[in-house]
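A short write-up of the structure that comes next.
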Amino acid sequence: MGQALLEINELAVSFSTQGGEVQAVRGVTFAVEKGETVAIVGESGCGKSVTAQSIMRLIPEPPGRIKNGTIHMNGKDLASLSEKQMRGVRGKQIGMIFQDPMTSLNPTLKVGDQLTEGILVHQKISKNEAKQEAINLLNLVGIANPEERLNQYPHQFSGGMRQRLMIAMALMCKPELLIADEPTTALDVTIQAQIIDLFKEIQRKTGVAIIIITHDLGVVAQIADRINVMYAGEIVETGTVKEIFYDPQHPYTRGLLDSVPRLDGDRTQKLIPIVGSPPDLFSPPEGCAFAARCDYAMDVCLSHDPEHTKLTDHHYTKCWLQDKRAQKPF
Amino acid sequence: MSVTTKKSANRVIEDRLFAPIDKNKAELNTLVRPSVGFWKDAWRRLLKNKLAVSGLVVIIALTIMAIIGPMLTPYSYSDQTLSNQNMGPSREHWFGTDNLGRDMFTRTWYGARISLFIGFAAALIEFFIGVIYGGISGYKGGRADNIMMRIIDILYGLPYLLVVILLMVIMGPGLFTIIVALTLTGWIGMARIVRGQVLQLKTNEYVLASKVLGADTSRIIRKHLLPNTMGPVIVSMTLTVPGAIFAEAFLSFLGLGVSAPVASWGSMANDALGVLNTGYWWRLFFPAFFISLTMLAFNVFGDGLRDALDPKLRR
Amino acid sequence: MLKYILKRFLWMILTIWVIVTLTFFLMHAIPGDPLDMGDTGSSDAASANLAAYYNLDQPLGVQYVTYLKNVATFDFGPSMTSRSRDVNDMIESGFPASLQLGIASLVFSVISGVFLGVFAALRHNKMIDYITMIIAVIGISIPNFIQSMLFINYIAVNVDFFPIARWGTWQHVILPALALASGPMAIIARLTRSNMLEVLTQDYIRTAKAKGLTSFQIVVKHALRNALLPVVTIMGALTAAVLTGSFVIERIFSIPGIGQYFVNSISNRDYPMIMATTVIYSTILVVMMFIVDILYGLIDPRIKLHSKED
């Protein structure tokens with residue numbers, strides 16, 4: 001596999017609240033190679049955003065805390081860096097894009113200021129050079145009249161345009177990795193498609209690796225090389241796009257796919273929702289976290305936590321159905 | 001990609017565990033936390049806030065003393081004993097006497113009556129005017145709202161204590177005048193809060209949702225409007241009280257409040273102005289201490305209430 | 001932007017007019033003849049003369065118009081208590097002291113309030129936060145006149161550095177300004193703190209952090225500006241608090257300001273003086289609110305757009 005750009009190993013993140021400790025991420029392991037796009041999918045509260053923010057060490061501490069695990073970026077463990085060292089990583093080696101472009105930009109600062117302030121911190125360049133770089137990037141992300149636009153305020157941009165700004169901002173220092181946390185969720189469907197295309201174009205032009213976090217399988221299918229399916233703070237299945245879409249092995253992955261309309265499938269086929277809600281992460285269940293909602297649950301699922309089973313070089317799943325003693329339901 | 005293998009891979013698991021479960025029998029979804037009602041939750045959080053609870057205890061204690069305090073001594077608030085001028089605290093006069101030989105203990109608690117009465121009365125009147133005005137303005141919306149808000153804008157521009165002072169001049173000093181004067185401009189804040197809440201609720205999606213589901217107006221008011229508006233309104237009322245107490249004391253201090261010989265904390269402090277630096281420390285200390293304590297108690301309690309009622313802090 | 005300023009300006013003039021009119025009619029609604037005061041021996045003819053001197057013999061409507069004209073030219077006529085003196089003279093003699101005290105208080109309360117509030121928010125739930133908030137709640141709870149009396153009783157008497165009962169050097173300003181400023185300071189500190197806490201949870205703060213900015217850069221560039229916006233809006237109300245507070249503070253510290261005249265004029269029913277002080281105080285306030293509005297429009301770019309859309 002060579003040296004991966006980012007290697008996350010057994011990451012565990014908890015939040016202490018009044019009601020006790022919430023184990024938001026419970027032992028997540030995955031890697032991102034240079035220039036590839038890895039998706040993390042899952043429903044709300046499954047820990048995908050916390051995972052993303054932990055890479056940047058953006059979870060508020062306290063109440064949040066990285067309890068266990070390592071996050072190696074180019075061989076350096078981000079989880080053990082000091083806050084000062086971490087600042088050198090943020091924005092420079094890793095850029096980040098957030099869900100809501102309406103609130104992620106400071107309403108009282110000019111767009112130009114917000115675009116250039118990162119690069120001015122990380123690189124010894126003049127304001128004019130920074131401005132020139134900002135103009136280049138606005139051109140790249142498809143914002144017309146960049147010079148004029150730099151002097152405007154965020155409220156003078158539409159939602160899609162603001163997300164383009166966010167992307168340009170994240171790319172200012174030419175990072176090797178771009179983390180996009182639900183970048184299309186807050187946008188209209190037509191705008192979503194444009195933003196996805198923009199990601200692909202940027203990746204082609206700059207070779208940046210992308211981690212895209214989403215609950216939208218449609219987005220994933222268009223953009224990702226590999227997919228991590230997260231449930232209740234764990235990765236329950238991981239594989240290439242093909243493997244996940246055409247050969248899903250975890251009942252939860254199957255459930256996700258069955259709950260999305262498909263253009264290539266039988267039109268009379270009904271959408272099947274996943275019944276129930278995720279477990280309380282105050283006290284995660286002893287066995288498989290999905291057992292309570294799983295149609296194929298066995299006694300073992302309630303009492304024993306399943307382990308990752310290797311199916312192909314890239315395809316792993318965490319499910320007791322892979323045990324040879326289980327009856328294959330599908 | 002590394003696989004998790006730290007847990008014993010060769011752990012023995014009995015084969016019988018691999019039988020599918022009958023979904024209908026299994027009690028699987030038992031992990032729902034009990035939900036707590038808004039008011040109950042707020043009350044619980046308020047009780048956790050020690051500062052707020054002590055504020056409430058002080059308020060209750062002050063209220064009780066205001067009622068029974070003046071009865072604990074054989075003196076009335078206006079009894080003058082000229083031979084007993086400016087006596088320090090003693091067994092006969094627990095808080096000492098003033099320059100006319102009046103018992104400070106009796107006067108202090110009589111002053112508490114006035115302060116608390118004005119505080120509560122102002123809060124209550126402002127509540128009624130504010131809720132009605134703000135409610136109508138917000139609910140009607142459009143032109144009516146516009147005009148009503150312009151009126152408020154002008155009233156807000158008037159310096160509030162100046163209006164109070166002018167009114168005192170016109171109507172003559174007295175308890176009633178103070179209350180009228182205080183509420184004349186005091187309701188504006190309350191009206192604004194109520195209007196803001198009503199406007200917000202009118203456009204909120206859950207109200208729209210319940211309308212779509214066929215809820216009638218009275219149900220929307222009862223189930224959505226009142227519970228959501230009451231929080232900020234109660235907080236505002238609690239914080240009105242110290243404001244009113246301050247205003248009364250301020251006016252009485254200027255000689256525009258209650259007229260002699262009626263005791264008020266403000267007028268007692270004013271009386272003490274003449275004996276500053278003379279060693280008659282009790283003359284200033286008791287009114288100053290109790291007025292500050294009262295305002296502190298209401299402020300602390302109001303702050304605690306605001307924190308407890310803030311839905312954003314709910315978890 | 002210009003349209004916005006113009007609109008606000010017209011609104012300001014309207015408010016001042018309402019206040020001036022209200023004051024006028026309220027004053028004339030007061031029962032009792034002001035000329036009776038202390039003038040028991042004066043004859044009818046003398047009274048009539050006096051009435052003419054103060055324009056009281058004319059119909060109310062005429063008096064009102066004359067009054068409006070005078071107000072517009074800042075001429076408040078002769079005082080009633082000291083007849084030889086014009087109200088303008090008295091105000092001129094009192095204004096410098098009041099202005100000095102007011103400005104010192106405002107400046108002190110804003111600077112220290114913002115400083116305390118920001119500091120407390122950045123050390124949220126730490127010792128400094130608690131201490132600041134305790135100071136703030138005490139500042140709000142102890143009335144300014146009580147504070148002044150305590151200052152005089154315990155500080156001024158023992159520390160020669162703070163002279164009282166005279167007015168002149170900057171040292172005279174410190175204690176009264178402190179007593180006058182503590183309430184507004186506490187309010188600003190609390191407001192700044194809660195805004196700051198709120199702003200620090202905003203998404204754009206996280207964005208700034210994701211860019212690799214230091215905490216200091218984030219606070220100064222992104223948080224402070226947005227946290228101070230609401231503080232700007234209450235500056236009008238705070239000015240009002242400082243103005244009215246100065247009535248008692250001037251009295252306690254024997255400062256020769258307008259507040260003194262105002263309080264005396266009320267008990268003496270000195271119409272021109274009451275009206276003059278009311279109008280002056282209100283005008284200061286309304287102008288202050290106008291400035292605040294404009295300032296707000298300058299700081300918050302979203303306001304400008306609004307007025308363009310109007």
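Protein chains get the first letters and strands the later ones, always in sequence-line order, with residue 1 at the start of each.
- Of the residues considered (C:Lys211, C:Gln217, C:Lys221), C:Lys211 shows the highest number of contacts with chain A, using heavy-atom pairs under 4.5 Å.
- Using a 4.5 Å cut-off between heavy atoms, A:Leu109 touches chain C through its side chain atoms alone.
- No part of A:Met86 comes within reach of chain C, as not one of its non-hydrogen atoms sits under 4.5 angstrom from that chain.
- A donor atom on one side chain and an acceptor atom on the other are not found under 3.5 Å apart for A:Ser49 and A:Glu182.
- Under the 3.5 Å distance criterion, the side-chain polar atoms of C:Arg8 are left unmatched by any main-chain donor or acceptor of C:Phe290.
- Within the 4.5 Å cutoff, the side chain of A:Val13 has no heavy atoms near those of the A:Gln53 side chain.
- With a threshold of 4.5 angstrom between heavy atoms, A:Gln114 approaches chain C through its backbone and through its side chain.
- Side chain to side chain, A:Asn74 and A:Glu176 meet the donor-acceptor criterion of an N or O pair below 3.5 Å.
- The backbone N or O of A:Asp216 lies less than 3.5 Å from a partner atom in the side chain of A:Thr214, making a donor-acceptor pair.
- Of all the listed residues (A:Pro154, A:Ser104, A:Pro175, A:Gly88), the one sharing the greatest number of non-hydrogen pairs under 4.5 Å with chain C is A:Ser104.
- Checked for salt-bridge contact, A:Arg90 and A:Glu83 meet the test: a charged N lies under 4.0 Å from a carboxylate O.
- Within residues 108-115 of chain C, no residue has any heavy atom under 4.5 Å from a heavy atom of chain A.
- Below 30°, between 30° and 60°, or above 60°: for C:His222 and C:Tyr204 the angle between ring planes is between 30° and 60°, a tilted geometry.
- Of the two parts of A:Met172, neither the backbone nor the side chain holds a non-hydrogen atom closer than 4.5 Å to a non-hydrogen atom of chain C.
- The part of C:Arg225 that comes within reach of chain A is its side chain, from C-beta onward, which places non-hydrogen atoms under 4.5 angstrom from that chain.
- Looking at A:Thr185 and A:His215, their side chains come closer than 4.5 Å, going by heavy atoms from C-beta outward.
- Using a 4.5 Å cut-off between heavy atoms, C:Thr214 touches chain A through backbone and side chain atoms alike.
- Panel note: side chain A:Arg164, backbone A:Leu198; no donor-acceptor pair is recorded below 3.5 Å.
- Side-chain polar atoms of A:Thr108 and C:Asn226 form a donor-acceptor pair below 3.5 angstrom.
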